[in-house]
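Here the structure is laid out as C-alpha cells; the discussion comes afterwards.
If you're wondering where the values come from, they're calculated on a predicted model, not measured in any experiment.
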There are 2 protein chains.
Amino acid sequence: MSHTAQSDGHARRGRAPTMADVAQVAGVSHQTVSRVLSHHPNVRDTTRAEVQRAIEQLGYRRNSSARALVTRRTLTLGVVACNPTLFGPASTLFGLEEAARDEGYMVSAVTLRRYTAKALEEAIDHLSDWGVEGIVVIVPHREAVAALAELRLPFPVVTVEGGHSLPIAGVSVDQELGARLATSHLLGVGHRTVWHVAGPPDWFEAEARVNGWRSTLEEAGVEVPPPLVGDWTPLSGYRAGQELAGRVAAGSARRTSADVTAVFVANDQMALGLMRAFREAGLSVPGQVAIAGFDDIPEAEFFAPPLTTVRQDFAAVGQASIRLLVSQLESGSTSHDGERVVIEPRLIVRRSSTSS
Amino acid sequence: MSHTAQSDGHARRGRAPTMADVAQVAGVSHQTVSRVLSHHPNVRDTTRAEVQRAIEQLGYRRNSSARALVTRRTLTLGVVACNPTLFGPASTLFGLEEAARDEGYMVSAVTLRRYTAKALEEAIDHLSDWGVEGIVVIVPHREAVAALAELRLPFPVVTVEGGHSLPIAGVSVDQELGARLATSHLLGVGHRTVWHVAGPPDWFEAEARVNGWRSTLEEAGVEVPPPLVGDWTPLSGYRAGQELAGRVAAGSARRTSADVTAVFVANDQMALGLMRAFREAGLSVPGQVAIAGFDDIPEAEFFAPPLTTVRQDFAAVGQASIRLLVSQLESGSTSHDGERVVIEPRLIVRRSSTSS
DNA sequence: GATGTCATTGTTAGCGCTCACAGCACAGAT
DNA sequence: ATCTGTGCTGTGAGCGCTAACAATGACATC
C-alpha cells in the first residue's frame, strides 16, 4: 500500500509528489517532513502524525537520487560474480544479499562471462558508474584478482576466495583444510594413496585443493600420483574418469601403488562425471574405487552412491564479506589493508568412500 | 585506469572531482564537459580532446545521483528472485543481468526467503526505495503473484513464470507443453500409463506440469494415477520414490495398469532422489521403471542412468523479460497490459527412459 | 552591408533533498 | 527584569548535474 501511485492530489501532474508537496498538505515546512522521515527526535507527536497522514495520502516516497546527491551515500554495494549458475557463487550471492539488506544496503550485481582482466575492469567500471560504495568480487580467478590489485579503486573491495597473496580484504573457506580432510579420510579408510582430479589451475580454489591434497599425501609419506585437470563441469570429470578407469586394478584386490583405489575430486559435479565413467567401465564405487568430492551440493547426497564431500558454508561467506565491506565503509578505510576471514569447511562422509 | 583515484589536482580535498573541476582544468564551461560526456555532436574536436584529457587527468567520473536527479532516470531495474540457488532462477537471473547491461541498465536484486505476500511487498518496497524504474519478479508462486496484482505499482512489472491469469506482463516457458512432451514420450516407448511426482501445488510451474501430464494421459485414453507431491528437493523425490517403489511390478513383466512402469517427475532434483530410492529398492532404471525429469540441469546428463528431461532455455527467459520491461519503459506504459512471451521447451531423451 | 543560418560555447535555473543555522516560544536560573 | 537553555520549526544554501536558452563568431546569402 505504501507504494500505490499517488491516489490524490494537486501534485504537479504526472510527477511523483515531493517533500514540498507533503509539507504543503501537512501544513509544515519541507524540513519538518524530512525530520519525520529520518526519525529526528525533535518533532512534536501531533506534527509527526500530521506529516505521516500527508505522506500516506499522497503516496509519497523519498527520492533516493536527491538524497544520495546531498548525503554522498548511495547505500548501494556492487557484486561482481563469475558464473552464478554454480552452486557456490549463487549461494554466496544469496547470503550476501540478505546480509546487505539487513545492513540497509542495496546490492547491484554484474556477472562475468569471461575471466579476463578486461572483463573484470568493465564490470567494475559499470558498477562505479552507478555509484556503488564498495564491491564484493566473487571471481576466484588468478588473472582477474591480480588485475583487481592493480586497480587501486577509490572504494573498499572485498574478494571472495581471492587468494592470500594480495593486500585486499577477503573472505574464504579454508580450501586447503577441506582437501586435507578429504584426503586423509580416504587414507584413513585404508587406501595406499589418493588420486586427484583438480579444477582449472588458474582458479585459487583449485590450487589450494591441490596443495592440501598433495601435502597430506607427503606428510603421510605416500606416493603422490600426477593430478588430472578438469574445468569444474561434470563432463570434464567424466573424461578424467575414463582416463582413470584404465588404471584401476583389474581384480578387486589392491596391487601396486600405481593402481587407482581412491580419488579426491575437486568438486561434486566433476565427481558425478567421474562416477558415471567408472560405472560405464564396470567399476564399482566404493567397492573398487572410493571417491570424495567438494562443495556438498544438494544433489550430492542422492548420487549413486551418495557422495562423500566437503561442505562449505557459503551463506556464512556471503555474510562475512558484507560485514567486512561495511566495516571498511564505516571506518572510512579505503586502505585495502588485506584483512582476511577464513571459514572452516566440514567433511561429510557418505557411501562413496566407505567400503561398507 | 579510468577509475584511479584522482591522482592530481587542486580538487577540493578528499572529494571526488566534479564537472566544474574538469571544466576549469580544460578551460571550458561545465556544460561543455557535459556535452562531451553525452556525446553531443556540436563540440569542436580540439575542445573534446582537451576535455577528455582533463577527465583522464583528474580521474573524473560522472556523479550518477546528480544525473539521476535531473534526468529522472535511474537506469536501474529491480529483480525479486526466489531461491537463486535453484538452477532455473539462477540461470534466468544470469541471462537477465546480461541483457539489462546491454540495454544500459543496472540490475539490483532482492531475494526472498519466504514466499508470502508480505515478504514480496517488502522486497518491492526495498527496490522502490532505491528508485528502480521497473522490476522483474521471478517468484513463480501463486500467493506472491496474486499479491503483486493487487499492488498496482507505479512502474512496469514483468513476471517470470507468473501464470497467465493476471493482467501483468510476463515471460514463461510453456510448462504444459514440456510436460506433454515428457509424458507422451514415455507413453510412446510403450508404457501403459505414466505416474507423476509433482512440485508444490502453489507453484505455477508445478500446476502447469500436472496439467500437461494429466491431459496427455486423458487424450491417450489411459488411466490417470494419483500424482505424488514433492517440494522440488531431492529428498522429497526420494520419499516419493520409496512410496512408488512398493507399487512397481515385482517381476520384470508389466501386469496391471496400477503397476508403476514410468514416472514423470516435475524436476531433475526430485528425479535424482527418486532414482536413489528405486536403486535402494533394487529396481532398475530404465529396466523396470522409466523416468523423465524437467529442467535439464547440468548434472542430469551424468546421473545414473543419464536422465531424460525437458530443457528450458533460461537465458532466453531472462533476455525476454528484460526486453519486455524495457519496451514498457520506453513506451511509457505502466498499463500492466499483460503482454506475454512464451518460450518453447525441448525434450532431451537419455537412457533413463529408453529400454535399450 | 544587412540578414540569416549554423556550429560552438556559456549562462541560468532548477531537479528534490539535507545541512547549518536562525528563529521562536517557553522553561527555569540569575 | 534579564539571561540561558531547550524543544520545536522554518529559511536559505547548495549537493552535481542537465535542459533550455542566450550569446558569440564564422560564413554564406540576399
>> From the set dG16(C), dC17(D), dC17(C), return the single nucleotide nearest to any side-chain atom of Arg72(B).
In response: dG16(C)

>> Tell me the interatomic distance from Arg62(A), atom CZ, to dC15(D), atom P, rounded to whole angstroms.
In response: 21 Å

>> Between Glu50(A) and Arg53(A), does any NZ, NE, NH1 or NH2 come within less than 4.0 Å of an OD or OE carboxylate oxygen?
In response: yes

>> Can you measure Asn63(A) atom CG to dG16(C) atom P for me and round it to whole angstrom units?
In response: 7 Å

> Roughly, in whole Å, what's the span from CG in Asp21(A) to P in dC15(C)?
Replying inline: 11 Å

Hey, what are the protein-to-nucleotides 7-11 of chain C N/O distances that come in under 3.5 Å?
from, atom 1, to, atom 2, distance (Å)
dT9(C), OP1, Arg44(B), NH2, 3.4
dT9(C), OP1, Thr47(B), OG1, 2.5
dT9(C), OP2, Arg44(B), N, 2.9
dG10(C), OP2, Ser29(B), N, 2.6
dG10(C), OP2, Ser29(B), OG, 3.0
dG10(C), OP2, Thr32(B), OG1, 2.9
dG10(C), N7, Arg35(B), NH2, 2.8
dG10(C), O6, Arg35(B), NH1, 3.4

> Among dG16(D), dC17(C), dT18(C), which is the nearest nucleotide to the side chain of Ala66(A)?
Replying inline: dC17(C)

> From dT18(C), dC17(C), dA19(D), pick the nucleotide closest to the side chain of Tyr60(A)?
Replying inline: dC17(C)

> Whole Å only: how far is the CG atom of Leu69(A) from the P atom of dC19(C)?
Replying inline: 12 Å

> How would you list, by chain and number, every residue that makes a salt bridge (Lys or Arg N to Asp or Glu O under 4.0 Å) with Asp129(B), sequence neighbours excluded?
Replying inline: Arg61(A)

>> Once ring-ring contact (aromatic ring centres under 6.0 Å, His included) is applied, do any residues pair with Tyr105(A), and if so which ones, sequence neighbours excluded?
In response: none

> In this structure, which one of Val157(B), Leu127(B), Ile138(B) forms a side chain to side chain contact (heavy atoms under 4.5 Å, CB included) with Val80(B)?
Replying inline: Leu127(B)

> Rounded to whole angstrom units, what separation is found between the CE atom of Met19(A) and the P atom of dC15(D)?
Replying inline: 19 Å

> ring-ring contact (aromatic ring centres under 6.0 Å, His included) with His30(A): which residues, sequence neighbours excluded?
Replying inline: none

> Residues in side chain to side chain donor-acceptor pair (under 3.5 Å) with Asn63(B), at least two apart?
Replying inline: none

> Mind checking what makes salt bridge (Lys or Arg N to Asp or Glu O under 4.0 Å) contact with Arg340(B), not counting sequence neighbours?
Replying inline: none

>> Using the salt bridge (Lys or Arg N to Asp or Glu O under 4.0 Å) criterion, which residues pair with Arg113(A)? Sequence neighbours excluded.
In response: Glu98(B)

> How close or far is atom C1' of dT9(D) from atom CD of Gln24(A), stated in whole angstroms?
Replying inline: 17 Å

> Using the C1' atoms of the five pairs at each end, what is the angle between the end axes of the helix from dG1(C)-dC30(D) to dA29(C)-dT2(D), to 10°?
Replying inline: 60°

> Which residues satisfy the salt bridge (Lys or Arg N to Asp or Glu O under 4.0 Å) test with Arg35(A), sequence neighbours excluded?
Replying inline: none

> Please, which pairs that meet salt bridge (charged side-chain N to carboxylate O under 4.0 Å, His left out) have at least one residue in residues 136-151 of chain A, sequence neighbours excluded?
Replying inline: Arg142(A)-Glu207(A)

>> Suppose the criterion is salt bridge (charged side-chain N to carboxylate O under 4.0 Å, His left out): which pairs have a residue in residues 153-164 of chain A, not counting sequence neighbours?
In response: none

Give me the distances for all protein-to-nucleotides 24-26 of chain D N/O pairs that come in under 3.5 Å?
none

> Which whole-number value in Å describes the distance from Arg15(A) CZ to dC17(C) C1'?
Replying inline: 15 Å

